[in-house]
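Working notes for the structure below.
Since this is a predicted model, take the numbers as computed values, not measurements. Protein chains get the first letters and strands the later ones, always in sequence-line order, with residue 1 at the start of each.
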There are 2 protein chains.
Amino acid sequence: MSDVKGAAALRATLVFNLGTLGALAADRFAGRVEALGLKPKHAGLLAALDGGSAASQQELATRLGVAPSLIVALADQLQELGAVERVRDPEDRRRQVLTLTAEGRRLLDRCAEAAEAADAELTAGLTTAQRTALTRGLRTLGDRQVPH
Amino acid sequence: MSDVKGAAALRATLVFNLGTLGALAADRFAGRVEALGLKPKHAGLLAALDGGSAASQQELATRLGVAPSLIVALADQLQELGAVERVRDPEDRRRQVLTLTAEGRRLLDRCAEAAEAADAELTAGLTTAQRTALTRGLRTLGDRQVPH
DNA sequence: TATTGTTATACTCTATAACTATA
DNA sequence: TATAGTTATAGAGTATAACAATA
């Protein structure tokens, strides 16, 4: 029993390639946003705040899949950059509602530019068709996860 | 100047989706191989040793893009599991040549199975065509990186 | 008593630097 | 002197647990 699969079988899997390329992509993105004083997680939080209705920190923690204490730290740093505001919910004074400021939206736009630049670098050897097919595939895959 | 892009533009990028899905995929894979006493990096090292000609630890460090001291730790643990052997190169007694044992190949096969199971879970909502297209896209993207 | 946010603490991962042995 | 491997140490990132305020 127990098929012999070896390295070739592992390299053929989606998770293996997603894992290695994901780490690479995260590094490239991190390198570009650090000039803004941000880490990838800050960008993720800014993105979660944009468009979405004003959210409490607990909601954001579960939405991003991180510990609430991490949201506190990220929000502290974003607040120091003037990117977010904390407002106590008058209906429930335990809740801190985070909202993007104009500066926060500006930073988010810079993050998007950084990501686009990293995309261009990463996909330099690919055709436009390959690139868009890949992006769409990843988005549909991502949309299937956490489909609450 | 300075286009307004917002969260939608960020979410449309490859690096953003690769980063988030890569972290998710790595977690799922880690959850499955930890029963084998392994972390994803161990699997990466095992895969690097399979097929490839016997490699020194320095070569492996640069190949995997990690510090040499990390290879030492990973190899220590794999050796303890009986998965690799360290043999001093008689030509240059400073070099430790790592080779897979039969147990190492067995563990590598188990890692491949774990990755395939994680794939199935992750792509549950996708058609076969979507899944193979995505896997191929990622492999071609991965092959373009570090094309030394 | 339960929940939100916060703080304090600890743990995991990994790199850098110092060291040993061989060259 | 330079290089392969190892060991010691330190830093980043993040979670867990204890705590305060509010419900």
Side-chain angles (χ1 to χ4, degrees), chain A residues 19-20 22-31 33-45 48-49 53-80 84-99, chain B residues 19-20 22-31 33-34 37-45 48-49 53-80 84-99:
Chain A
T20 54
L24 181 67
D27 274 359
R28 298 283 174 85
F29 181 61
V33 293
E34 87 178 325
L36 305 170
L38 302 178
K39 303 276 172 71
K41 291 258 148 101
H42 294 114
L45 181 50
L49 290 174
S53 51
S56 77
Q57 297 184 187
Q58 296 281 345
E59 287 163 357
L60 290 164
T62 57
R63 200 183 299 176
L64 299 184
V66 299
S69 56
L70 181 55
I71 301 290
V72 174
L74 294 172
D76 282 351
Q77 292 150 3
L78 288 174
Q79 196 172 27
E80 206 150 337
V84 303
E85 277 177 351
R86 273 188 174 107
V87 183
R88 285 249 171 237
D89 183 350
E91 314 261 314
D92 183 344
R93 293 186 40 72
R94 292 172 304 181
R95 312 176 96 226
Q96 295 266 47
V97 177
L98 293 180
T99 53
Chain B
T20 54
L24 181 67
D27 274 359
R28 298 283 175 86
F29 181 61
V33 293
E34 89 178 323
L38 303 177
K39 302 277 171 71
K41 290 257 148 100
H42 294 114
L45 181 50
L49 290 175
S53 51
S56 77
Q57 299 185 186
Q58 296 281 344
E59 286 163 356
L60 290 164
T62 57
R63 200 184 299 176
L64 298 183
V66 300
S69 57
L70 181 54
I71 300 290
V72 174
L74 293 173
D76 282 352
Q77 292 149 3
L78 288 175
Q79 197 172 26
E80 206 150 339
V84 303
E85 276 176 351
R86 275 187 173 104
V87 182
R88 286 248 172 240
D89 183 350
E91 314 261 313
D92 181 345
R93 295 187 36 74
R94 293 172 304 180
R95 311 176 97 229
Q96 296 267 46
V97 177
L98 292 181
T99 54

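- The distance from atom CD1 of B/Ile71 to atom P of D/dA4 is 14 Å, rounded to the nearest whole Å.
- The CD atom of B/Glu91 sits 11 Å away from the P atom of C/dA23 (whole-angstrom rounding).
- Shortest non-hydrogen contact noted between A/Leu70 and A/Lys41 is CD2-CD, 4.4 Å.
- B/Ser69 comes within 4.0 angstrom of a base, heavy atoms only.
- Among the nucleotides D/dA15, D/dA12, D/dT6, the one closest to the side chain of B/Gln96 is D/dT6.
- For the pair B/Gln79 CD and D/dG5 C1', the computed distance is 13 Å after rounding to whole Å.
- Using modelled atom types and a 3.5 Å distance limit, the side chains of A/Arg95 and A/Gln57 yield no donor-acceptor pair.
- Rounded to a whole Å, the CD atom of B/Glu59 is 15 Å from the P atom of D/dT3.
- Atom CZ of B/Arg86 is separated from atom C1' of D/dG5 by 9 Å (rounded to the nearest Å).
- Of the candidates A/Ile71, A/Leu74, A/Leu60, A/Val66 forms a side-chain contact (heavy atoms from CB on, under 4.5 Å) with just one, namely A/Ile71.
- Distance CD (B/Gln58) to P (C/dT22): 16 Å, rounded to an integer number of Å.
- Residue B/Leu60 contributes atom CG, which lies 17 Å from atom C1' of C/dT14 at whole-angstrom precision.
- In this model, no side-chain donor or acceptor of A/Arg95 finds a partner on the base of C/dT4 within 3.5 Å.
- A donor-acceptor distance shorter than 3.5 angstrom exists from the side chain of A/Arg63 to the backbone of A/Ala48, with no hydrogens or angles considered.
- Minimum atom distance to the side chain of B/Asp76 is reached by D/dT7, of the listed D/dT7, C/dA23, D/dA12.
- One can find a donor-acceptor pair under 3.5 Å joining the base of D/dT3 and the side-chain atoms of B/Arg94.
- Within the 3.5 Å criterion, the main-chain N or O of B/Arg93 finds a donor-acceptor partner in the side chain of B/Arg88.
- Here the nucleotide nearest the side chain of A/Lys39, chosen from D/dA12, C/dC13, C/dT14, is D/dA12.
- Both A/Asp89 and B/Val72 sit near DNA chain D, but only B/Val72 has its closest nucleotide nearer the 5' end.
- Side chain of A/Ala67, nearest nucleotide from D/dT16, C/dA23, C/dG5: D/dT16.
- Note on B/Lys41: every side-chain N or O is 4.0 Å or more away from OP1 and OP2 of C/dC13.
- When each of A/Pro68 and A/Pro90 is assigned the nucleotide of DNA chain D with its nearest heavy atom, A/Pro68 is the one assigned upstream, toward the 5' end.
- For the pair A/Arg63 CZ and C/dT4 P, the computed distance is 14 Å after rounding to whole Å.
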